[in-house]
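As structure tokens, the structure follows; a few thoughts come after it.
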Amino acid sequence: MHDAGERFRPFEHEGMYALFAEIRQTVPVFYAPEIDYWVVTRREDVIAVLRDHERFSAAVATQAVVPWPPEMLQYMVDQGFTNESVQVACDPPRHTRIRSHVQGFLNPKKLQSFEAEVRALVQGYIAAMKGQESIDLVDALTYELPARTAFLLLGVKDIDPRRIKKWTELRVKLMHGHPTREEQMAAADDLLDFWRFSCDLVEQRKVNPGDDYPSWLLASRAGDDSRLTENEIKSLTFALLLAAHETTSNASANVLLELMRRPDDWNALVNDPSLIPNAVEEGLRYVSSVVAWRRVAKEDFELGGEHFPKGTKLLLSLASASRDESTYENGDIFDIRRKNARSHVAFGNGIHFCMGAPIARMQIRMMIEELTSAFPDMALITDEAIEIAGVLTFRGPTRLPVRLIP
Amino acid sequence: MDKQKITFQFISANGESQEVEGLTGETVMQVAYDNGIEGVAAECGGSMSCGTCHVFLDEASFARIDAPSESEMDMLDIVSSDRHATSRLSCQIKLGSDFAGAQVHIPESQY
């Protein structure tokens with residue numbers, strides 16, 4: 001017998017990797033009573049579930065872990081909150097239909113075409129850091145930059161990225177956190193504002209189309225609800241306003257933190273920038289910004305030698321899977337030269353694979369390229385504690401204080 | 001219509017070949033998944049989002065089956081290993097009788 005279920009604290013990141021390292025070899029799956037999910041620990045099983053969209057539904061992927069109070073739900077409906085599951089939390093054939101439209105814009109080639117603009121954005125942030133002795137990298141770079149990149153995709157120019165970040169944090173907490181009832185009720189109006197902002201954006205593009213994501217979707221819809229509805233486009237825009245930056249902010253801060261903790265690795269990247277792309281992959285493997293993702297079984301199934309009934313909810317530990325010793329030798333060691341780092345599951349696997357992966361990778365790589373070039377002696381201020389914000393699925397430091405010059 | 005069994009070969013980057021069998025309508029990527037073929041990462045499960053299921057076909061098979069779509073051609077521009085004249089994304093090749101006996105070469109790297 002084991003006590004993994006009692007020891008696993010789904011909303012706390014302190015000690016999470018150590019627990020998985022201890023149990024992964026002997027406990028492929030365990031029940032977490034606090035959230036009523038079965039936690040899957042091995043890479044092979046995690047990938048098998050992610051690939052098997054016939055038997056495992058994504059319907060619970062972004063469901064509120066703490067259900068919204070009925071009064072809040074009613075209030076949201078009354079106020080016109082018609083957000084619907086469009087991608088990450090829906091299954092084929094709906095997922096296939098919607099993805100076929102999204103694909104035309106969020107594809108690797110199109111995303112690569114933003115390279116020069118993203119580079120200019122990164123350089124702008126780095127330039128603003130120059131002349132300072134010490135800085136919080138989260139505040140000065142990783143928090144805002146991905147939101148500005150998202151604005152490039154959306155054709156948005158004149159909005160404070162921090163406004164979007166605040167809305168996003170609230171939405172993440174409502175979906176994947178454990179808010180109190182009071183916090184849920186208090187969040188309703190802000191969430192509505194965020195939704196209305198997304199709707200307004202789509203309405204504006206109907207009048208003045210541009211070369212951006214909502215305009216692309218409207219053109220692809222061609223006025224035909226059977227292809228894509230306007231509400232689906234609003235929901236897709238609402239989704240992108242979160243997904244396009246939240247995880248990249250966390251991922252870039254995670255990688256930078258690990259590099260700052262290892263001055264030898266940082267110096268290696270300063271001296272040989274060609275190592276940076278693999279260091280990005282190793283960072284995504286070693287500390288994924290998405291530590292877990294959810295599925296629910298559509299039929300009875302077997303996993304890790306146990307039998308489970310239809311309706312079983314699974315929490316796939318991407319954190320554990322990406323350190324699984326059966327694939328990664330010394331998986332709990334951070335190694336910027338690791339040969340198979342890129343085979344991590346930080347972006348998922350199967351039909352829900354992250355469509356923004358190319359631009360996420362691009363941004364993290366460019367941040368490290370520009371930082372190693374501008375501040376080769378950058379070092380962690382070690383006497384300040386690093387906090388990790390706690391939600392079920394996402395992980396990233398809230399601060400990353402560094403000295404820019406020796 | 002009854003599904004037919006289609007037999008073809010995967011050939012690894014170091015020249016080892018493995019004969020596999022799939023059913024008409026399945027994709028080459030699916031057959032690779034089902035047979036545990038190494039080197040076809042196919043991260044996105046066939047949604048044409050990752051470019052990590054890249055393969056090269058023998059010339060005759062490439063010419064015999066349906067040509068790649070425009071979006072597949074776009075994705076082939078960004079694959080990791082060098083693109084060949086007979087490059088395809090294995091998730092976009094559906095098995096039909098015209099694929100029997102095909103040789104599917106796996107590139108050295110998908111990343």
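We name chains A, B, ... by the order of the sequence lines, and we start the count at 1 in each one. These figures come from a predicted structure and were not determined experimentally.
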Over 12 foreign heavy atoms within 6.0 Å of [atom1], [X]:
| X | atom1 | answer |
| --- | --- | --- |
| R55(A) | CZ | yes |
| D211(A) | CG | no |
| E299(A) | CD | yes |
| K298(A) | NZ | yes |
| E108(B) | CD | no |
| E59(B) | CD | no |

Given heavy-atom pairs under 4.5 angstrom as the criterion, report whether the side chain, backbone, both or neither of [X] touches chain A.
| X | result |
| --- | --- |
| M48(B) | both |
| D77(B) | side chain |
| S71(B) | neither |

Is it the backbone or the side chain of Q112(A) that comes under 4.5 Å from a heavy atom of chain B, or both, or neither?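 Only the side chain of Q112(A) comes within 4.5 Å of chain B.
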
S343(A) portion near chain B, given a 4.5 angstrom heavy-atom threshold |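 Interface part for S343(A): both.
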
- Task: Name the member of C50(B), S47(B), G45(B) that forms the most heavy-atom pairs with chain A at distances under 4.5 Å.
- Result: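 Option with the greatest count: S47(B).
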
Return the CG to NZ distance between D74(B) and K109(A), rounded to the nearest 0.5 Å.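 Reported value, rounded in 0.5 Å steps: 4.0 Å.
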
### Query
When rounded to the nearest 0.5 angstrom, what is the spacing between CD1 in I47(A) and OH in Y33(B)?
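With rounding to 0.5 Å, CD1 (I47(A)) is 8.5 Å from OH (Y33(B)).
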
- [ ] Might you point out which heavy atoms bring R51(A) and A42(B) nearest each other, and give the distance in Å?
- [x]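 That would be NH2-O, 4.3 Å.
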
Is the shortest heavy-atom distance from the side chain of R99(A) to the side chain of S49(B) under 4.5 Å?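 Yes, their side chains come closer than 4.5 Å.
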
**Study point:** Salt bridge E43(B)-R342(A), side-chain N to carboxylate O under 4.0 Å
**Key:**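 Between R342(A) and E43(B) there is a salt bridge, with a charged N closer than 4.0 Å to a carboxylate O.
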
